[in-house]
Amino acid sequence: MIEKLIGEYVNRMTLNDVKNFAKENSINLKNKEAELIFQYIKNDWHTLVYGNPRPILDEIKNKMDLDTYHKAEKLYIHFKEKYQNYL
């Protein structure tokens with residue numbers, strides 16, 4: 001059930017959602033970085049939530065400003081741990 005809800009949310013997600021979430025969490029994304037993250041979420045959300053995200057995170061790391069990447073990765077880990085019991 002929760003997997004379907006996550007999938008539906010991702011299907012409705014917009015680029016502005018990514019930008020706003022980052023901004024609310026003190027991460028300033030360049031447009032290209034926001035687009036990159038948006039595409040990975042849209043295409044690989046299932047792996048990011050339920051699988052081994054390391055290869056995806058490594059790809060993203062090579063395409064973003066390193067400081068921004070570290071902030072985003074820390075935020076990802078925080079929320080992954082926070083909601084792990086619901087997945």
Side-chain angles (χ1 to χ4, degrees):
M1 171 79 162
I2 192 75
E3 188 173 344
K4 184 172 175 73
L5 291 173
I6 294 169
E8 288 299 319
Y9 179 81
V10 170
N11 285 337
R12 293 184 182 125
M13 184 184 288
T14 67
L15 181 59
N16 281 333
D17 293 329
V18 172
K19 289 178 180 179
N20 291 336
F21 183 77
K23 187 178 282 189
E24 289 169 7
N25 288 281
S26 303
I27 299 174
N28 296 317
L29 294 175
K30 298 173 187 160
N31 283 335
K32 193 168 188 170
E33 292 171 332
E35 291 170 5
L36 175 72
I37 291 171
F38 178 69
Q39 287 306 312
Y40 274 101
I41 291 171
K42 285 291 210 176
N43 296 326
D44 299 304
W45 72 266
H46 196 273
T47 301
L48 290 166
V49 174
Y50 294 106
N52 176 12
R54 183 47 44 200
I56 295 168
L57 296 175
D58 288 343
E59 281 183 40
I60 293 171
K61 183 178 185 177
N62 293 325
K63 297 176 182 178
M64 290 179 65
D65 173 76
L66 197 54
D67 186 48
T68 303
Y69 169 79
H70 286 298
K71 289 178 184 177
E73 181 186 38
K74 185 176 178 181
L75 186 63
Y76 166 78
I77 292 168
H78 167 75
F79 280 102
K80 177 98 178 196
E81 290 173 354
K82 181 175 181 177
Y83 293 105
Q84 189 63 42
N85 292 334
Y86 300 101
L87 304 173

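The structure displayed is predicted, hence computed values, not measured ones.
In terms of the side-chain contact (heavy atoms from CB on, under 4.5 Å) criterion, residue partners of Arg12 (sequence neighbours excluded) are, by chain and number, Glu8. Scanning for side-chain contact (heavy atoms from CB on, under 4.5 Å) contacts around Asn62 gives an empty result, with sequence neighbours left out. Contacts of Tyr76 classified as ring-ring contact (aromatic ring centres under 6.0 Å, His included), with partners at least two apart in sequence or in another chain: none. Residues forming a side-chain contact (heavy atoms from CB on, under 4.5 Å) with Thr14 (at least two apart in sequence, or on another chain): Asn16, Asp17. Residues satisfying the side-chain hydrogen bond (donor to acceptor under 3.5 Å, both in side chains) test with Asn25, not counting sequence neighbours, are none. Asn11 pairs by the side-chain hydrogen bond (donor to acceptor under 3.5 Å, both in side chains) definition with nothing, not counting sequence neighbours. For Lys71, the side-chain contact (heavy atoms from CB on, under 4.5 Å) partners are Ile27, Asp67, not counting sequence neighbours.
Looking at heavy atoms from C-beta onward, Leu29 lies out of side-chain contact with Phe38 at the 4.5 angstrom threshold.
Sequence neighbours left out, the pairs with a member in residues 15-37 that pass ring pair (Phe, Tyr, Trp, His ring centres under 6.0 Å) are Phe21-Phe79. Applying the side-chain hydrogen bond (donor to acceptor under 3.5 Å, both in side chains) test to every pair with at least one member in residues 34-48, sequence neighbours left out, gives these pairs: Glu3-His46, Tyr40-Glu59, Tyr40-Lys63. Listed by first and then second residue, the salt bridge (charged side-chain N to carboxylate O under 4.0 Å, His left out) pairs that reach into residues 20-34 come to none, sequence neighbours excluded.
To the nearest 0.5 angstrom, Leu36 atom CG is 10.0 Å from Ile41 atom CD1. Note that CD1 of Ile2 is 13.0 Å distant from OH of Tyr9, once rounded to the nearest 0.5 Å.
Leu75 and Leu66 end up in different hydrophobic clusters when Ile, Leu, Val, Met, Phe, Trp and Tyr side chains are linked at under 4.5 Å.
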For residues 80-87, which side-chain donor-acceptor pairs fall under 3.5 Å, sequence neighbours excluded?
unit_1, atom_1, unit_2, atom_2, d
Lys80, NZ, Leu48, O, 3.2
Lys80, NZ, Val49, O, 2.6

